Amino acid sequence: MRFLLNWLLTSIAVAIATFIVPGIAPFGASEAWVSFMFVGLFLGFVNSLVKPIITAISLPVTIITLGIFQLVINSFMLELASWLSINILGAGISIASFGSAFMGAIIVSIMCAILNGVVEE
């Protein structure tokens, strides 16, 4: 049940980031919410399977930059989730540049924190 709630909240955060950040747009599905749900699903998988490995490998750089490099890792995870959803399921979000992915990752992180805080209470 918790997985479904996290999937829904991540999908909502991706939708909000898509509407706020120029350069991120729904791709491939006739309904935009389908694209958001696919990216939310893959973002959950990527964050639980790939992100811990990348975070461990880049720990020295993260320490040197006082944690700021974690934002770069988050943007790569958003790019990877987008790429996987488009290439495996045929629908997702298209990200125009790294700057768009960077801003989108910041928005998704903030919105997930806010939405998780609201749901927890």
Side-chain angles (χ1 to χ4, degrees):
M1 193 65 176
R2 182 74 185 157
F3 172 77
L4 293 175
L5 182 62
N6 281 338
W7 180 19
L8 178 66
L9 295 178
T10 304
S11 300
I12 292 170
V14 169
I16 292 169
T18 301
F19 291 117
I20 292 175
V21 178
I24 300 178
F27 176 83
S30 60
E31 299 286 333
W33 66 270
V34 175
S35 298
F36 303 142
M37 293 301 284
F38 287 164
V39 174
L41 177 67
F42 278 101
L43 193 57
F45 287 139
V46 165
N47 281 341
S48 64
L49 299 175
V50 178
K51 188 176 179 182
I53 297 168
I54 301 298
T55 301
I57 291 171
S58 67
L59 189 61
V61 177
T62 304
I63 291 171
I64 290 171
T65 61
L66 303 174
I68 305 249
F69 191 72
Q70 196 65 33
L71 296 173
V72 174
I73 293 172
N74 286 345
S75 56
F76 282 132
M77 295 303 109
L78 184 62
E79 286 265 8
L80 180 60
S82 170
W83 184 84
L84 287 172
S85 66
I86 289 172
N87 289 316
I88 293 175
L89 299 175
I93 58 172
S94 65
I95 302 175
S97 66
F98 178 75
S100 298
F102 189 79
M103 290 304 298
I106 291 172
I107 299 294
V108 168
S109 298
I110 291 170
M111 292 312 301
C112 279
I114 291 171
L115 291 172
N116 281 326
V118 169
V119 170
E120 292 292 323
E121 293 178 10

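The model shown is predicted, which means the values in this text are computed figures rather than measured ones.
- The two residues Gly92 and Ser35 make their nearest non-hydrogen contact at O-CB, 3.1 Å.
- Residue Ile53 shares its hydrophobic cluster (ILVMFWY side chains chained together at separations under 4.5 Å) with Ile57.
- Hydrophobic cluster membership is shared by Met37 and Leu4, with clusters built from Ile, Leu, Val, Met, Phe, Trp and Tyr side chains linked at under 4.5 angstrom.
- By the side-chain contact (heavy atoms from CB on, under 4.5 Å) test, Asn47 is found to be paired with Leu43, Lys51, Met77, residues two or more places apart in sequence or in another chain being considered.
- Within 6.0 Å of CD1 on Ile68 lie no more than 12 heavy atoms contributed by other residues, nucleotides or ligands.
- Between atom CG of residue Asn116 and atom CG of residue Leu5 there is a gap of 7.0 Å, rounded to the nearest 0.5 Å.
- The distance from atom OG1 of Thr65 to atom CG of Leu71, rounded to the nearest 0.5 Å, is 8.5 Å.
- Going from atom CG of Leu89 over to atom CZ of Phe38 covers 5.0 Å, rounded to the nearest 0.5 Å.
- Of all non-hydrogen atoms in Ile93 and Val39, the two that sit nearest each other are N-CG2, 3.5 Å.
- The CD1 atom of Ile24 lies 6.0 Å from the CG atom of Leu78; values are rounded to the nearest 0.5 Å.
- Residue Ile86 is not grouped with residue Val50 when hydrophobic side chains (ILVMFWY) are merged at heavy-atom distances under 4.5 angstrom, including chains of intermediate members.
- Within a 6.0 Å sphere centred on CZ of Phe27, other residues, nucleotides and ligands contribute 12 heavy atoms or fewer.
- Here the CD1 atom belonging to Ile16 is positioned 11.0 Å from the OG atom belonging to Ser11, to the nearest 0.5 angstrom.
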message: Assess the residue pair Leu9 and Cys112 against the criterion (side chain to side chain contact (heavy atoms under 4.5 Å, CB included)); give the C-alpha distance rounded to whole Å, side-chain angles, the decisive distance to 0.1 Å, and a yes or no.
response: CA-CA 6 Å; Leu9 295 178; Cys112 279; 5.6 Å; no
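- For Leu8, the side-chain contact (heavy atoms from CB on, under 4.5 Å) partners are Ile12, not counting sequence neighbours.
- In the hydrophobic clustering, where aliphatic and aromatic side chains (Ile, Leu, Val, Met, Phe, Trp, Tyr) are joined below 4.5 Å either directly or transitively, Leu59 groups with Ile63.
- For Phe76, the ring pair (Phe, Tyr, Trp, His ring centres under 6.0 Å) partners are Phe98, not counting sequence neighbours.
- We find the CD1-CG distance between Ile95 and Leu80 to be 10.0 Å, quoted to the nearest 0.5 Å.
- Within the structure, salt bridge (Lys or Arg N to Asp or Glu O under 4.0 Å) contacts touching residues 24-49 (residues at least two apart or in different chains) do not occur.
- With sequence neighbours excluded, the residues forming a side-chain contact (heavy atoms from CB on, under 4.5 Å) with Leu41 are Phe3, Trp7, Phe45, listed by chain and number.
- Partners of Ala32 according to the side-chain contact (heavy atoms from CB on, under 4.5 Å) rule, which considers only residues two or more places apart in sequence or in another chain, are Pro26, Phe36.
- Residue pairs satisfying the side chain to side chain donor-acceptor pair (under 3.5 Å) criterion with at least one member in residues 96-113, sequence neighbours excluded, are listed as follows: Ser97-Ser100.
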